[in-house]
2 protein chains.
Amino acid sequence: MELTDRAQFLLKALIERYIDEGQPVGSRALAREAGLNLSPATIRNVMADLEEMGLVASPHTSAGRVPTVKGYRLFIDSLLTVKPLERELIQDLWDDFESLEDPQELLETTSQLLARLTRMVGLVTLPRRQQISFQHIEFLPLSQGRILVILVTDDQEVHNRIIRPDKPFTPSQLQQAANYLNAHLQGRRLTELRAALIDELKAAGERASGEMMSVMEMAQGMFGAESMDEDFVLSGQVNLMGFSELSDHQRLRMLFEAFEEKRDLIHLLDQCIGAEGVQIYIGEESGYGPFEPCSLVTRAYEVDDRVLGVLGVIGPTRMHYDKIIPLVDITGKLLSCALNQKLSSPE
Amino acid sequence: MELTDRAQFLLKALIERYIDEGQPVGSRALAREAGLNLSPATIRNVMADLEEMGLVASPHTSAGRVPTVKGYRLFIDSLLTVKPLERELIQDLWDDFESLEDPQELLETTSQLLARLTRMVGLVTLPRRQQISFQHIEFLPLSQGRILVILVTDDQEVHNRIIRPDKPFTPSQLQQAANYLNAHLQGRRLTELRAALIDELKAAGERASGEMMSVMEMAQGMFGAESMDEDFVLSGQVNLMGFSELSDHQRLRMLFEAFEEKRDLIHLLDQCIGAEGVQIYIGEESGYGPFEPCSLVTRAYEVDDRVLGVLGVIGPTRMHYDKIIPLVDITGKLLSCALNQKLSSPE
DNA sequence: CGTTAGCACTCTATTACCATGAGTGCTAAA
DNA sequence: TTTAGCACTCATGGTAATAGAGTGCTAACG
């Protein structure tokens, strides 16, 4: 069965109404709302068709209709008319972005902005290790043979780590090692750092002193895979408590647990990273239980044409896609710009 | 009216039972439980006395009794018999603490441990600025005249900040400035850093070059009050969703909002910082609305006999104080030890 | 005088029941 | 193809009845 224009129009009207009101939409209301001069009975016929196609459903016999995931999908893919954002808002966003120097802070603020503007949950993943490169390293001796390693990556992010090597090093040894690493590894991807270091050492061959070697071994250790996990920043979790569809205690709890757990959500976000433009998971489409009553709207952000991560919002499936989608889109673009601007042109 | 021994004993039994079961305790149940060979009628008489003294209350005429805040207070202050922790658990905790190098990570782990062990919310405040001292500073030039400032404090914490000074500086100028600051300001409290810097500059007098002056001005800016706010780490917020007394959506929401807001909670924690040993706020005692259904159990942690911050747990007023109190106490001690161990004996 | 049994009373929680109203599907007429 | 009419379904909200838990009070008991 194919979908007539009228049916599409009515589906659109129904979903818009449902998004506004949050309650099953009946035939009479829809007849009034839609503007086509049709009687409720006619609408009912169309609704029966839509239901047969799995685009709408009714919670029980004597309630109106509610969009299904499939219905939302069609709505978003081909029926939706997005509302462009006001210039003013974009400017405000940009001002916020520009005023922040620290990239970490920038990501956090972005997440908070998304949460505040949508009144849902905002989220921004931290830059992926595969995409960022070594820029600068510094060793700072601490007490008791412990060493503070400061690693600056090319997204201007600063990573600190304290290590405790097996044997002590003198400040000058450390300085030497840092110089060596800075000279030879700049621009290498973090993920290949370890291998690169080994190569370098081999190439340097016997010339490197034994001491030097052991400093290198130490440095090598800290590039290990476990050192920086993938992670993300969440904001505005409380906002979800305002939605009636999430008033179920059990559901809400599972959702919050999923946020705290992080692992599954990271996995889900990883899938979004490849997509062009705004990516949307509606309800169960995410394939992840706790998110069933929610939708996820994401978009990648990039620097220098490398996709560093994704950002987006999580909210109830019944959300104002017409506003959320452009907002996420713009925010992604602005964040990319802001990061680009801070990008170092080496030396 | 004074409180007889028997009345105290019964109050204790009542509260213990209430903490276990979570429901108003009736006279019959208490008569059975308490082990004194008394009839329910007698118990009722005692209960009437306790009620008159404001130690217990009944939700309605035909329900049992429930402890009031005043009742809990008496219970905790003079009736409670705490359960000592198992050696094994303490050892486990200590192993966790010892294996972590990074202080920031240490605090986060502590918070998570508290949350996991109590199945409530764990919290650890970050070290107070008043109590930590300058140890080392480093300037790293980035692109576009931006400078990465790395500040190491004497609690071995590392603070990063990116600043963009009005005019550019050469690497050697920065090096010079760092040397100067490291030489002259070591050991000064963070809060007095700004003033100290001005003093130093005055003392150095005209001898300092104009360039030097402006580097200093820049450095000065970054010690400003706003740079590092007081903050804390919360863990296990979801745990609160398991408690029936917090099943009220509205209450829970206010509580979560309070966590996200941070400000008021910080203020409350500040008050705990002075107290000796374990400090407890029961329900409304905190004087802070959203926390009314909760209790807060805290304890300071210190390094070198300086109180750096507090840690503790938040949970429903009906909690197992006999286990929670010693746990918080031990955790505070262990954290203090762990931090002390990592403390630097300068150079 | 402290303790206890007995009893009337209060209040909650649960269940059943009914009326209401929104919305449907179907049928037959326009 | 559209629409009016109608019987039907089901969630919702209110009322009444019932059961049960626990109390306070009084009077008897040791």
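Lettering follows sequence order; numbering is per chain, from 1. Model, not experiment: these values are computed from the prediction.
Remark: C1' of D/dT23 and CG of B/Leu50 are 15 Å apart, rounded to the nearest angstrom. Protein atom CG of B/Asn45 is 14 Å distant from nucleotide atom C1' of D/dG22, rounded to whole Å. Rounded to a whole Å, the CE atom of B/Met47 is 15 Å from the P atom of C/dT3. Taking atom CG on B/Leu38 and atom P on C/dC1, their separation rounds to 20 Å, with Å as the unit. As a whole-Å value, the separation of B/Ile43 CD1 from C/dG2 P is 16 Å. If you take CG of A/Leu36 and C1' of D/dT2, they are 13 Å apart, rounded to a whole angstrom. One atom, CG of B/Asp49, and another, P of D/dC25, lie 12 Å apart when rounded to the nearest Å. To the nearest angstrom, P of C/dT3 lies 12 Å from CG of B/Asn37.
Residue A/Ser27 has a polar side-chain atom (N or O) positioned under 4.0 Å from OP1 or OP2 of C/dT24.
Distances from the side chain of A/Ser39 to the nucleotides C/dT3, C/dG25, D/dA4 place D/dA4 closest. Across D/dC10, C/dT10, D/dA4, the shortest atom-to-atom separation from the side chain of A/Thr61 is found for D/dC10. Side-chain proximity of A/Ser62 to the nucleotides D/dG22, C/dT10, C/dG23 is greatest for C/dG23. Distance from the side chain of B/Arg44 is smallest to D/dT23 among D/dA4, C/dC11, D/dT23. Of all nucleotides listed (D/dG24, C/dT24, D/dT3), D/dG24 comes nearest to the side chain of B/Arg65. Listed nucleotides C/dT12, C/dT4, D/dT23 differ in distance to B/His60; the shortest reach to its side chain belongs to C/dT12. When the nucleotides D/dT9, D/dG22, D/dT2 are ranked by their closest atom to the side chain of B/Arg28, D/dG22 comes out on top. The side chain of B/Glu51 lies closest to D/dG24, out of C/dG25, D/dT3, D/dG24.
As judged by a 4.0 angstrom heavy-atom cut-off over every strand, B/Ala41 is placed among the base-contacting residues.
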Residues B/Ser244, B/Ser247; criterion side chain to side chain donor-acceptor pair (under 3.5 Å); working and verdict: CA-CA 5 Å; B/Ser244 55; B/Ser247 63; over 6 Å; no
Pair A/Ser295-A/Tyr321, side chain to side chain donor-acceptor pair (under 3.5 Å): steps then yes or no: CA-CA 10 Å; A/Ser295 285; A/Tyr321 296 94; 2.8 Å; yes
From CA spacing to verdict: salt bridge (charged side-chain N to carboxylate O under 4.0 Å, His left out), B/Glu285, B/Arg73: CA-CA 10 Å; B/Glu285 285 183 353; B/Arg73 181 86 281 165; 2.7 Å; yes
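Between B/Pro40 and B/Pro59, the residue whose closest nucleotide on DNA chain C is further toward the 5' end is B/Pro40.
Two rings, from B/Phe291 and B/Tyr288, have their centers less than 6.0 Å apart.
Classified by interplanar angle (parallel below 30°, tilted 30° to 60°, perpendicular above 60°), the ring pair B/His249/A/His249 is perpendicular.
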